[in-house]
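Before any comments, here is the structure.
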Protein chains: 2
Amino acid sequence: MPLVTIEADPQRSPTPSETALTRRVDLTTLRLFIAICDEQNLTRAAQREGIAASAVSKRMNDFELAFGVTLFKRLAKGMALTPAGEALLHHARVTLLNVEKIAVELSEYAHGVRGHVRMLANLSAIVQYLPEDLSAFFAGHGLLRVDLQERPSGQVVRGIEEGAAEIGICSGEADSRALEGFHYRTDHLVVVMRPDHPLAGRESLAFTETLDFDHIGLHTASSIYLRSQYAATQAGKGMRLRINVPGFDAVCRMVQANMGLGLIPDCAFEVVGAGMGLSAIPLRDEWGRRALKIVVRDAVHLSATGRLMLDHLRAVEADRRDDDL
Amino acid sequence: MPLVTIEADPQRSPTPSETALTRRVDLTTLRLFIAICDEQNLTRAAQREGIAASAVSKRMNDFELAFGVTLFKRLAKGMALTPAGEALLHHARVTLLNVEKIAVELSEYAHGVRGHVRMLANLSAIVQYLPEDLSAFFAGHGLLRVDLQERPSGQVVRGIEEGAAEIGICSGEADSRALEGFHYRTDHLVVVMRPDHPLAGRESLAFTETLDFDHIGLHTASSIYLRSQYAATQAGKGMRLRINVPGFDAVCRMVQANMGLGLIPDCAFEVVGAGMGLSAIPLRDEWGRRALKIVVRDAVHLSATGRLMLDHLRAVEADRRDDDL
DNA sequence: TTGTTGTTGGAATCTCCTGCCAACGATTTG
DNA sequence: CAAATCGTTGGCAGGAGATTCCAACAACAA
């Protein structure tokens, strides 16, 4: 008696042929395929994976047959990829990497971890506030883990929109479109300089006063860079930029090397530049007070752990403001 | 406990326990798992996937046992995810999405396609040159396919570095670090305006002449926006920005709506704004000639198809320059 | 030419995985 | 209390996949 094929639910979205093909992919085949690509040799690949060579050969044949594609050029000594094979290799690699992430993450849960929160944040937040805020969070929720990646503010928004992470922290001026936003922190920009700089010793500075000197810029996508450019423009003067560097520490080192003035947030200076013998003078301009905001796609439908993190970040900020009063 | 998960080193040889766990993941289980999450109900999920409920139940139990993790809270009516389940759900989704890509791409090869090239490019290249260049490429290589994504120049570089694509096209001024670069095209910026604008009718314009009027900016990460800001700054004047929009077409529509001047590449204007009854006047400034460059990680080790594309793009540009002579 | 080595591919066999059916316990609903 | 849902368990059967053995083939050395 042949197998009775079960009628699939008619309202399922993918077409029958698509699902049929999708089902013919399996992870061991992908693993073996990658092994062959690495070794360029089926026999060695089989050994490495602890399986008979003929079994591997069969799998590959079946796979090629199923998709009607040739993956390898069978050469006298070894196997070489066809274009189709190269395409598969690329996707197979990322798929298996993902599977590995699954295994790692789940085994973390098995060892007591109770939840993950995926976050994106800009440099300012990561350098200045997140270390302490996250550490406080872990104190209360020792069994949670955080997966944090740095991106410029614009990309943070994009990542949250696309679901790459649950919670994002970016500049308050970033266009967060349809996302929900909450106030996080306000930092204050300071002008970093060598103690022998003409401006050193001042109580505070207006940005325009700095425009007669060389500046060191952050990378061009950073909101500090964009905002200071804009401010210079508004002031009707130019910013004399000598170099753009990727991080606050790099800015400070450039300042130290007498390349010019740096413009970074106050807390970042304390963390990064304090021990470097530099001076930091507060910026008097209104835009020197920069808001950072928390963005989420939908606060109501956050995961339980994401909710915890969001509440924590907001509570920390609220406490801090209470203390200031 | 580490605060932040470290990115896995791709070269790392997996530990025995890891591989053991990795092997226990399989795609049908993931598919079923997702179905259960969608339906919040094992029985319906089983129906949807055309499989007996008992089989699904057993698979889930075995999976949970293998990882020592509870994925669901079994409720009287349906199943609800635990935090571990939510973590799995996220990864399972992207994994299956990837598998689907595999199936789609391979079946393309089965239907005659002979190769894929993954590309990243900035907006200027995509709007102005790639349509014709790619179409010429297809004329010669009808069986190849191109996977093209738009990103700002900085992200193009990043994507190529990370292996997200083989070939990138970005602004000549972008910092391409360790990548190999080749000249691609040079475009010329034009100032777009309504025919009734005071500046209309001029032969050419210096950028400084436009600074007395309102401007419409591209999105803040775009190189045109960054460069024009910088130029305004250098000129010691401000740019009166009324709005930032995401594309060249949007710029033209804003110009049409009398919001101010736009600054876009000449070819983009021909393509996008020609039929809108607008005037375009060339920018006289040196930086109005913008180089676009092709970037690759390593030209020697490109795939055969990638090599074809690179050669084509470079040849097209060489021909074009010969024609100009 | 001939033998050796290393390679892929095929046939027969066997094992174990996995899905089906039917029955059961638990809980809610009428 | 019965009926309806829902998830789980056990027995059974079929098949996918692995193993072993063998054939075909190319490259290379004697």
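Residue numbering restarts at 1 for every chain, and letters A, B, ... go by the order of the sequence lines.
Residue B:Phe63 contributes atom CZ, which lies 17 Å from atom P of C:dC17 at whole-angstrom precision. Separating the CD atom of B:Gln47 from the C1' atom of C:dG19 is a distance of 16 Å, rounded to the nearest angstrom. Atom CG in B:Asp62 sits roughly 10 Å away from atom C1' in C:dC17 (whole-Å rounding). Between the C1' atom of C:dT15 and the CD1 atom of A:Ile51 lies a distance of 14 Å, rounded to the nearest Å. The separation between B:Glu49 atom CD and C:dG19 atom P is 11 Å, rounded to whole Å. For the pair A:Lys73 NZ and D:dC25 P, the computed distance is 22 Å after rounding to whole Å. Atom CG of A:Leu27 is separated from atom C1' of D:dG17 by 15 Å (rounded to the nearest Å).
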Please enumerate all protein N or O atoms sitting under 3.5 Å from an N or O of nucleotides 3-8 of chain D, with distances to 0.1 Å.
| unit_1 | atom_1 | unit_2 | atom_2 | d |
| --- | --- | --- | --- | --- |
| D:dC6 | OP1 | B:Asn41 | ND2 | 3.2 |
| D:dG7 | OP1 | B:Leu42 | N | 2.8 |
| D:dG7 | OP2 | B:Asn41 | OD1 | 3.2 |
| D:dG7 | OP2 | B:Leu42 | N | 3.3 |
| D:dG7 | OP2 | B:Thr43 | N | 2.9 |
| D:dG7 | OP2 | B:Thr43 | OG1 | 2.6 |
| D:dT8 | OP1 | B:Arg74 | NE | 2.5 |
| D:dT8 | OP1 | B:Arg74 | NH2 | 3.1 |
| D:dT8 | OP2 | B:Ser57 | OG | 3.0 |

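Salt bridge absent: A:Arg297 and A:Glu180 never bring a charged side-chain N and a carboxylate O closer than 4.0 Å. Salt-bridge check for A:Asp62 with A:Lys58: passed, with a basic side-chain N closer than 4.0 Å to an acidic carboxylate O. For A:Asp26 and A:Arg59, the salt-bridge test passes: some basic side-chain N is under 4.0 Å from an acidic carboxylate O.
The stretch residues 42-61 of chain B participates, sequence neighbours left out, in no ring-ring contact (aromatic ring centres under 6.0 Å, His included) pair at all. Sequence neighbours left out, the pairs with a member in residues 27-68 of chain B that pass ring-ring contact (aromatic ring centres under 6.0 Å, His included) are B:Phe33-B:Phe72, B:Phe63-B:Phe67.
Contact between the side-chain N/O atoms of A:Arg59 and the OP1/OP2 oxygens of D:dA18 is found at a separation under 4.0 Å.
Below 30°, between 30° and 60°, or above 60°: for A:Tyr109 and A:His116 the angle between ring planes is between 30° and 60°, a tilted geometry.
For B:Ala55, the listed nucleotide lying nearest its side chain is C:dC20; candidates were C:dT18, C:dC20, D:dT20.
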